[in-house]
Amino acid sequence: PVYEATCTAPVNIAVVKYWGKRDTTLILPTNSSLSVTLSQDHLRSLTSARCITTTSNNSNANAVADRLWLNGHEEEIQQGGRTHRCLAELRQMRKDLESRDSSLPKLTDFALHIASENNFPTAAGLASSASGLSALIATISTLYALLPENGVSVSDLSRVARQGSGSACRSMFGGYVAWDMGTRDDGHDSVAVEVAPASHWPDLHALILVVSDKKKGTPSTAGMQRTVATSDLLKHRIDHVVPARMDRISTAIRNRDFDQFAIETMADSNQFHAVCLDTQPPIFYLNDVSRAVIQLVAELNRASVDAGKGYLAAYTYDAGPNAVLYVRERDVKLVLELVLRYFPQQTFDDPFHLGPEPAAASSFVQGFNAAVIPEHEVGAVARIIHTKVGDGPRVLSSD
Ligand code: DP6
């Protein structure tokens, strides 16, 4: 028989940022975080895995040599590395299952061959570790039947994904997802939980503004530990800001309160980048174009709030200069029109055909003060990817 599975998993973009570890091996964070899962119709990692049952004369069942290909290139699975630990954990879970049910095939005796690829445009500059690790865990857990009916929950799987990359645990769920930091030293309570499914608030769209600055910054894994070691502001954030913000933004999501959601999202992005600046030596992820986008969104919101219409958009930035704007469906045309007016660019992926629409903006711009947007080059935003909130990992096939 062939034992094989294929799954896809989504990208997630945090609105309350994870930045700092209290345990760098188990990947236990210094604060809880919360993210929105984006649709796999547009951005996803796809992973296939197969148990290599055909090898003959394999007298030593422990000589399991797993192999991994990422975007067509074989990667070494390092002993004791993150991928290795995730696979070891999943094998142990399968072994527990096999020992409870002797009718199950002994899949843990066999090596795994795993192939994974992302469909993101390379220029998108999106971190692929969250969707990649999440797709890996979803695929192996499908292959190993680590399912709710066998006593394994999605949060249990998120605990494994977390050890591959912290933010990956949140991609195990769709919709609106919290990662509870937990308090235990063994990490058992540091898991992802669903705050609300995508269907609860389906009209939240995301515009990813890809800034044409390809410079590589400080990798997040190294950067966050430098912050832990040197930033006083991080301590304040952990103790006095994030806990209450997690409550407020969860409430905003439950109430579909976009104004509150936008206020918390932008404040948290700002504080994350302030904490980076407070690091010694300082870390800069935003550039002039990022800052111009912040000023554009701030002015958009000011004009809209003054006109009694509430917030239009919320920006957030991860460890790089690209902006992600969260916008309600009804406001996408207007926001796009204004973004494209100030940041004319070449490539625009608009699967929803929601704009831009000059008419939507013409009445609005009267109250809008363009003078606050700093000068920037044409083409500073190279590409816009339009997507929206989406579901968790999908099983494409399983044999
Ligand atoms: C800024 O999850 O990539 O995107 O756990 O070391 O793999 P590791 O880090 P990673 O960090 C993500 C940082 C962030 C914020 C977030 O996604 O919450």
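The figures that follow rest on heavy atoms only: side chains count, while hydrogens, waters and symmetry mates do not. Each ligand, and each atom within it, is numbered from 1 in the order the structure gives. No experiment lies behind these values; they were computed from the predicted model shown.
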Within-cut-off N or O pair, G166 and ligand 1, under 3.5 Å: yes
Do E264 and Q260 meet the criterion of a side-chain donor-acceptor pair at a distance under 3.5 Å? yes
Side chain, backbone, both or neither: the part of I27 lying under 4.0 Å from ligand 1 by heavy atom: side chain
For ligand 1, is any non-hydrogen atom under 4.0 Å from A14's backbone (N, CA, C, O), its side chain (CB onward), both, or neither? side chain
So is there a nitrogen or oxygen of Y18 less than 3.5 Å from a nitrogen or oxygen in ligand 1? yes
What I want to know is whether W19 and ligand 1 share at least one N or O pair that is separated by under 3.5 angstrom. no
R94 and E98: salt bridge (Lys or Arg N to Asp or Glu O under 4.0 Å), yes or no, with the steps? CA-CA 6 Å; R94 171 70 186 189; E98 288 172 1; 2.8 Å; yes
N/O separation below 3.5 Å, R82 to ligand 1: yes
Between the side chains of R44 and S131, does any donor sit under 3.5 Å from an acceptor? no
Is K21 in polar range of ligand 1, meaning some N or O pair under 3.5 Å apart? yes
For ligand 1, is any non-hydrogen atom under 4.0 Å from S220's backbone (N, CA, C, O), its side chain (CB onward), both, or neither? side chain
So, do S48 and H113 sit near enough that their side-chain heavy atoms are less than 4.5 Å apart? no
